[in-house]
There are 2 protein chains.
Amino acid sequence: MNASSGTSDGNFDRRAEIVRVATALFLEKGYAAASLSRIAEEVGIRKASLYHHFPSKEALFVACATDGFEEAVVALAAIREDPSLTDEERLRRAIAQLYVINVDSNTGRMSPLIAEVSLRFPEVARAFRKEFIERQHAILMEILDRGVARGSFAAHDRLGVEHVIFGPVVNLCLSRQMFAPCEDLEDWLPVERIRDSHCDMVLRLVRAG
Amino acid sequence: MNASSGTSDGNFDRRAEIVRVATALFLEKGYAAASLSRIAEEVGIRKASLYHHFPSKEALFVACATDGFEEAVVALAAIREDPSLTDEERLRRAIAQLYVINVDSNTGRMSPLIAEVSLRFPEVARAFRKEFIERQHAILMEILDRGVARGSFAAHDRLGVEHVIFGPVVNLCLSRQMFAPCEDLEDWLPVERIRDSHCDMVLRLVRAG
DNA sequence: GTCTATACAAGGATAGAC
DNA sequence: GTCTATCCTTGTATAGAC
């Protein structure tokens, strides 16, 4: 009967805080180099106290890496269902949303980290694919299919278009992490300009007529 | 005056062997999780002997991560200069070579690793960009520019085309490492089919007329 | 739920013999 | 150039008091 956030023992907020801090540190340093001491320090508790919330570092990592898949794609699904949009505008919005998901959000920025640990945590890589990557692909492909059915888009090679849509997005996500130390990052890899130009290219490829 | 591989003290082969083994291990496990003990074991010497060839783990990593840039792009430069090719065929060959460089070779497969350590080794990230990434971009852009000058290709948005060319390649490199544990990898991400379809898309975007 | 204290393993690195 | 032996730090994890 308390007013807190959902569990009876009240440790929910602390657990979420640990996941938040740990996620940021895993993203910054990689799995092995992110230490529990440092995570505990940033949370403001002692290292041993982490073990009250998670049985091991591996379990903590799995919690961080499989958190937020659903939430990341809801806005994309909403764009697919929005009846007020034309097919062309829907595709534009969807591609723009891919940049938000994959370049701006922590979930999307996990890609290089998942690659690093894919052999050690194959089940995490699998979940990332099924619950995050393939959901985005399915939504985009359905937007295209519906446009083709309505005559807005021409028939096209689905595999090629899929990679031409997702390739530049994922490349930008990876490149911006690879070259984060470069001072000219924003000039070299300007998200908005790349995104808009990318949208134009995709529309030229799928537009009917 | 000996017949060996180029240095007077004859330790050249051992050093190269260490780099070879260490590179494979860094690629597989990441920087922090690849231990000197394991590297020494696979080379067949003791851990302490590594320090005769490299002063530290950091120095060994820098040697691994900055090795082979020149060699990786020579074939691409040769395609640019080949007078027997039409502009269209030259572009096709160049894009195909991007897949060889970035998906098949160790140098290209470094991308996720560079992302992992970019904050700790900013000079490595910088070298990777200047001596590897930007060289490839410059060669492709010059192939396109020459084609435009000769009327084979139409004028186009250079930034967008650049990302539509490199995006799918880098995405495939990253995805194949992320999902290496998946048994259906070859069916899900078939390099040749994706490459050919990708080439077709790019040519539709830049072709004149 | 958090703390102090501690066990235990592994990693990077050095000294000095051969 | 490689070895054995050793140092020191750090990391994950556990025990048990409060």
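First the proteins, then the strands, lettered A, B, ... as listed; each starts at 1.
- A:Val169 is linked by a side-chain contact (heavy atoms from CB on, under 4.5 Å) to A:Leu98, A:Tyr99, A:Asn102, A:His198, counting only residues two or more places apart in sequence or in another chain.
- We find that CZ of A:Phe54 is positioned 16 Å from P of D:dT14, with the value rounded to whole Å.
- Counting to the nearest Å, the P atom of C:dG12 and the CD1 atom of B:Ile39 are 8 Å from each other.
- Computed from coordinates, the B:Tyr51 OH to C:dG12 P distance equals 6 Å when rounded to whole Å.
- The environment of CZ in A:Arg90 is crowded: more than 12 heavy-atom neighbours from other residues, nucleotides or ligands sit within 6.0 Å.
- Summarising the geometry, the separation between NZ on B:Lys57 and C1' on D:dT9 is reported as 14 Å, rounded to the nearest angstrom.
- For the residue pair A:Asn106 and A:Thr23, no side-chain donor N or O sits within less than 3.5 Å of a side-chain acceptor on the partner.
- With rounding to whole Å, A:Glu58 atom CD is found 17 Å from D:dG11 atom P.
- Comparing A:Pro55 and A:Ser37 by the nucleotide of DNA chain D whose heavy atom lies nearest to each, the residue mapping closer to the 5' end is A:Ser37.
- Straight-line distance from the NZ atom of A:Lys29 to the C1' atom of D:dT10: 12 Å, rounded to whole Å.
- Contacts of A:Ala34 with the nucleic acid, taken as non-hydrogen atoms under 4.0 Å apart, involve only primed sugar atoms and P, OP1 or OP2.
- Contact annotation: the side chain of A:Asn171 never approaches that of B:Leu174 to less than 4.5 Å [non-hydrogen atoms, C-beta and beyond].
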Any N/O pairs under 3.5 Å between the protein and nucleotides 2-5 of chain C? List them or say none.
from  : atom 1 : to      : atom 2 : distance (Å)
C:dT2 : OP1    : A:Arg14 : NH1    : 2.5
C:dT2 : OP2    : A:His53 : NE2    : 2.8
C:dC3 : OP2    : A:Arg46 : N      : 2.5
C:dC3 : OP2    : A:Ser49 : OG     : 2.9
C:dT4 : OP2    : A:Arg46 : NE     : 2.9

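- Under the 4.0 Å criterion applied to side-chain N and carboxylate O atoms, B:Glu58 and B:Arg120 are assigned as salt-bridge partners.
- Distance CG (B:Leu25) to C1' (C:dG11): 14 Å, rounded to an integer number of Å.
- When rounded to the nearest whole Å, the span between CZ of A:Arg38 and P of D:dT12 equals 13 Å.
- Within the 3.5 Å criterion, the main-chain N or O of B:Leu189 finds a donor-acceptor partner in the side chain of B:Arg176.
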